[in-house]
Amino acid sequence: MSLRVLGESTLISDSSLRHSHKIEAALKLFNHRDFVGSKFLFEEILGDDASSWRALASLAYIALETRRFDEAMSFAERGMCSNPGLEAFYDIKIGALRGLGEMQSAREIALEAIERFPDNAGFHIALVDISRRLGRPGEVVRVLSRLVDILPHRPEPRVDLVFAKRQIFDWRKFEDDRRALLQLLDDGYELPALTAMMLGASPEQQLYAARNKARSLEATVGCLQSPTSFGRSEGRIRLGYISGDLHDHPTARLIVELIEAHDREKFSVTAFTYGPDDDSEIRRRLFEAFDEVVEVGHLSDAQAAALIAAQEIDILVDLKGYTLGARPGILAHRPASIQINYLGFPGTMGASFIDYLIADRHTCPPGEEVFAAEQIVRLPNCFQPNDSQAPSINAHVNRAAMGLPEDAFVFGAFHSPYKVSPEWFDIWAQILDRVPHSVLWMLAPGPEARANLAREIRSRGFAQGRVVMAPRLPADLHLSRLSCIDLNLDVLPVGAFTTVSDSLRAGVPMLTLTGRCAAGRGATSVLRSLGFEDLITSSPQAYVDTAVRLALGQAELLTIRERIAAAIANSPVFSGHAIARDLEAGYVRMHSRALSGLEPESFDLPPSA
């Protein structure tokens, strides 16, 4: 009897292989990612020796690679019974539980593994990801600090530690860390693109960081399509959106009306989702808006790409980019002929497998195309969609219930902690110094963030109560508390996007300073599109002076607040239907070029009729 091993096209005689040779052959196939052939051999080995830890572990790893997490758990449990001291089975159980979304159980196994194998870097790396997903930023910092000791010559833990410290306002060694990371980038290290943005890297450096990430993805995959390989020219354009954020998340709240508004006579619209099912109202509404929803979270990148390609999607829009939990590896396989970077990641992906980046003249002014690997498509208004059907934010929350003084002027700064630097905290301190009886209301989620921020407040000599810390709340409760704010303050180099829309819908102005990269121009885009040039500044001093003037000149601020409601009601910026028409015009033009065999090119869209 002989076996044909798929992928190797090799005939292997069972009788001619001794046990050790069979293991060697199976491992070789596994290392070449021939999971079908290696699985067959390892199953034979397990038949010969039911306690073979190599076979059990390898079959479990094959199950992990092919995202059969329950099967991986089963093999790991069997392996632990006969080989309780092996690190591999802890690794497999952690990976399987993470794949199943059972993060708390995965954390418990990771902690147990670290206690047993304290110098195992892999277990620490896994615990970092688990703790991050569980919202335990202090634990992330502690584990990464230990990982730096375990891997003193590797830059990755140091890079991740700097980002993690920013998540809890730990600004000790801030400038040293920043300089060290930017030097790593200049030296050719693959610095995460979001970290480069956070550090205030130049547009050239951000493009370089994104290209490094893209090249590492491109080196491991094979493309299924090319930008001009269209095979269909009739019927509706098959449009796909892919994201892990189709739940109670800012992206979902921004796009829901856009999806509802797509012209179904011209487009079929499919969602490819790999995020959690939170059974939220926004998720249910969003899923009803799509013609079809395809779950790809259980599939590998290659499997997900093959499924998308089988659907014959013409245009695939990635809503996640390089943000936390993104799966750009799916797009690296090129499952669609046209692939677009839109909304979720405020910058270039630096990838040959992404054809277009959706922007506007504010986030990417003419002349800045050189800082993107994609071709730029500028929408005529703001690039960011909004939902005109979103519930009104008109709640009058009692300030005292929020820990705020009733008669103070309240500056708001509800930004993710990683966006806030000591430089910007000092800018806000200048504003407070010049506005008597004012407070700064900041998002400070978690005990570590509050403790570190309290230390920074004391070091600057603030009187007690001048900075008020706010916890993270569910979306509806958070939006309702925005009415307590008199003036919201933007931040750089990564500024407000959804936050500025939420602020305006609550009737609260936001003051911004236009950044030098797209990541710092989200508020400028929204405000300028609505006609609020008086809330856009061009220097830190102008930002401070304007904030002080508005706080001390209540009449001017009241006039701005009165303009907000009218601007939202009359502007296409807050209409999902208006941006749907603009995007569709862009999609049609991209599609037509591809049908003609033409390469992607940048273009600006005129205002809709």
What is the distance from atom [atom1] of [X] to atom [atom2] of [Y], rounded to the nearest 0.5 Å?
X      : Y      : atom1 : atom2 : result
Ile485 : Met510 : CD1   : CE    : 8.0 Å
Asp91  : Ile109 : CG    : CD1   : 12.0 Å
Phe425 : Phe169 : CZ    : CZ    : 8.0 Å
Gln183 : Leu191 : CD    : CG    : 12.0 Å
Ile340 : Leu316 : CD1   : CG    : 8.5 Å

Tell me yes or no: between the side chains of [X] and [Y], is some donor less than 3.5 Å from an acceptor?
X      : Y      : result
Gln541 : Asp545 : yes
Ser525 : Gln384 : no
Arg378 : Ser602 : no
Ser501 : Asn386 : yes
Gln339 : Asp355 : no
Ser352 : Glu218 : yes
Thr323 : Lys320 : yes

For [Y], is there any backbone N or O sitting under 3.5 Å from a side-chain donor or acceptor partner on [X]?
X      : Y      : result
Arg334 : Ser337 : yes
Gln303 : Ser300 : yes
Arg133 : Met103 : no
Asp245 : Thr251 : no
Gln206 : Ala201 : yes

Taking the six-membered ring where the residue is Trp, are the ring centres of [X] and [Y] under 6.0 Å apart?
X      : Y      : answer
Tyr274 : His298 : no
Tyr543 : Trp424 : yes
Phe163 : Tyr418 : yes

Problem set entry | Side chain to side chain, Phe383 and Leu343, heavy atoms closer than 4.5 Å |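 Result yes, sub-4.5 Å side-chain heavy-atom pair found.
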
Residues [X], [Y]: salt bridge by 4.0 Å N-O rule:
X      : Y      : value
Glu368 : Arg521 : yes
Arg172 : Glu456 : no
Asp177 : Arg158 : no

Exercise. Which class fits the ring pair Tyr356 and Phe603: parallel under 30°, tilted 30 to 60°, perpendicular over 60°?
Worked result: perpendicular

Problem set entry | Residue pair Asp160, Arg154: steps toward the salt bridge (Lys or Arg N to Asp or Glu O under 4.0 Å) verdict | CA-CA 11 Å; Asp160 287 348; Arg154 294 284 294 276; over 6 Å; no

For this session: Using the salt bridge (charged side-chain N to carboxylate O under 4.0 Å, His left out) rule, collect all pairs that involve residues 101-118, keeping only residues at least two apart or in two chains.
Result: Arg107-Glu139

Give every donor-acceptor pair under 3.5 Å between a side-chain atom in residues 488-500 and any protein atom, sequence neighbours left out.
from	atom 1	to	atom 2	distance (Å)
Asn488	ND2	Ser503	OG	2.9
Asp490	OD1	Ala496	N	2.9
Asp490	OD2	Thr512	OG1	2.6

